[in-house]
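A short write-up of the structure that comes next.
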Amino acid sequence: MKPPFVITVDGPAASGKGTVAGRLAAAYGLPMLDTGLLYRAVGVLAQRGGIDLEDALASAAIARRLTADQLADPDFRTRGAGEAASRVAVHPDVRAALKDLQVAFARQPDGAVLDGRDQGTVICPEAPAKLYVTAAPEVRADRRWKQLTAQGEAVGFAEILDDIRKRDERDGGRAAAPMRPAPDAVLLDTSEMTIEQAADAARRIVEAARARWETS
Ligand code: DC
């Protein structure tokens, strides 16, 4: 049987993948899951509970109790939450605890869009459309800095660039489901693109995948 039309959008922090995923979800009328938010929620809830982020068992217990209705908290969008997320995301038990929710989301009969680090490689290796969205670290740092200062966080560009580099290293270097493009993902480098250009390019990539999926 034909798999549902799932679009996976992976890539490093602040590459534009969330925006691209949102545009694709709107264009195809598909539900979208920002999987980074799951890890952010686990990181922040662990910190609130006084749990050491290196503690895999205690972090995994938080992950197992996490429900979708807990995800709207604005604290999960802060710089600290991104860092905490990246730290709890190295634990295989945390990843395992969050897997079922993501797989179930991807199995919706009409399809779905999921963005993250391992959607095309681990969560939905059978997805008919896969993108890996990247951009140069300096460009990503500039975007993240603008976003955070607009949210009222007082932070310098150099600190953000340092965060981005460390996050790339941790997310790409971990043993469990490291950030990387699936062999069949199409790379989209948005360094020199506006949001509109990136969204258009993503749409063209997905259109080609959809045409193949329709005739499969
Ligand atoms: O996409 P984001 O910046 O919100 O993700 C925050 C962190 O969560 C990221 O640095 C690594 C982790 N993450 C992950 O390991 N796997 C995912 N599918 C999504 C996020």
Side-chain angles (χ1 to χ4, degrees), residues 6-22 25 32-47 53-54 56 59-60 62-63 66 68 70-106 112-125 127 130-135 137 139-148 151 153 155 160-182 185 190:
V6 172
I7 305 172
T8 61
V9 186
D10 289 308
S15 57
K17 66 183 186 313
T19 307
V20 161
M32 172 181 157
L33 182 64
D34 167 5
T35 65
L37 205 47
L38 304 174
Y39 291 91
R40 285 168 177 263
V42 174
V44 172
L45 296 175
Q47 281 176 324
L53 300 181
E54 313 302 311
S59 305
I62 303 248
L66 189 71
Q70 285 175 291
L71 299 176
D73 190 328
D75 283 358
F76 301 163
R77 306 271 176 195
T78 63
R79 176 181 171 214
E83 167 71 15
S86 174
R87 289 176 59 195
V88 292
V90 303
H91 303 310
D93 286 352
V94 168
R95 307 198 70 83
L98 296 176
K99 189 171 178 183
D100 286 355
L101 197 154
Q102 297 172 76
V103 169
F105 192 90
V113 181
L114 296 99
D115 87 80
R117 302 289 186 290
D118 60 343
Q119 302 305 297
T121 48
V122 173
I123 302 296
C124 309
K130 296 183 186 173
L131 280 99
Y132 191 85
V133 182
T134 59
V139 173
R140 290 188 279 130
D142 185 56
R143 289 176 186 160
R144 185 49 57 90
W145 179 74
K146 286 182 178 136
Q147 186 193 350
L148 289 172
Q151 280 171 218
E153 275 200 52
V155 60
I160 298 294
L161 181 56
D162 192 49
D163 276 5
I164 292 260
R165 292 210 162 108
K166 287 200 182 112
R167 201 107 86 78
D168 285 357
E169 252 177 63
R170 194 188 294 118
D171 295 346
R174 67 183 177 221
M179 166 177 82
R180 67 191 38 151
T190 66

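Both counts, for ligands and for their atoms, begin at 1 and track the order of listing.
Checking T19 against R143 by side-chain atom types alone, no donor-acceptor pair falls below 3.5 Å.
Using a 4.0 Å cut-off to heavy atoms of G116, the atoms of ligand 1 that qualify are 18 (N), 19 (C). Residue-ligand proximity, T35 to ligand 1, at heavy-atom distances under 4.0 Å covers atoms 17 (C), 18 (N), 19 (C). Those atoms of ligand 1 that come under 4.0 Å of a heavy atom in S86, given as number and element, are 7 (C), 10 (O).
Here's the thing with Y39: none of its N/O atoms is less than 3.5 angstrom from an N/O atom of ligand 1. When only interatomic distances are considered, the shortest N/O to N/O separation between K17 and ligand 1 falls below 3.5 Å. Checked against a 3.5 angstrom limit, the closest N/O atoms of D171 and ligand 1 fall inside it. Between Q102 and ligand 1, a contact under 3.5 Å exists for no N or O pair.
Protein heavy atom in closest approach to atom 7 (C) of ligand 1: A85 CB, 3.5 Å. Counting protein heavy atoms only, atom 12 (C) of ligand 1 is closest to A89 CB, 3.7 Å. Atom 20 (C) of ligand 1 has as its closest protein heavy atom G36 CA, 3.5 Å. Of all protein heavy atoms, the one lying nearest to atom 1 (O) of ligand 1 is R117 NH1, 2.9 Å. When only non-hydrogen protein atoms are considered, atom 4 (O) of ligand 1 lies nearest to R40 NE, 2.6 Å.
Residues A81 and F76 approach most closely at CB-O, 3.4 Å, considering heavy atoms.
Residue R170 does not touch ligand 1, judged by heavy-atom distances below 4.0 Å. With a 4.0 Å cut-off on non-hydrogen atoms, R167 touches ligand 1 through its side chain and not its backbone. With a 4.0 Å heavy-atom cut-off, ligand 1 is reached by no atom of M179.
Side-chain contact between D73 and V44: absent, with no pair of heavy atoms (C-beta onward) separated by less than 4.5 Å. Here the side chains of I123 and T8 are not in contact, with every heavy-atom distance at 4.5 Å or above.
Ligand 1 is approached by R95 to a heavy-atom distance shorter than 4.0 Å. The shortest heavy-atom distance from R174 to ligand 1 is under 4.0 Å.
A salt bridge links D118 with R95; the closest basic N to acidic carboxylate O contact falls under 4.0 Å. Remark: R140 engages D168 in a salt bridge, criterion side-chain N to carboxylate O under 4.0 Å.
Rounding to the nearest 0.5 Å gives a distance of 5.5 Å between CE of M179 and CG of D171.
For E169, the CD atom is loosely surrounded, since the number of other residues' heavy atoms within 6.0 Å does not exceed 12. Other residues, nucleotides and ligands contribute more than 12 heavy atoms inside 6.0 Å of the CZ atom of R174.
Partner of S86 under the side-chain contact (heavy atoms from CB on, under 4.5 Å) criterion, chosen from R167, K166, R117: R167.
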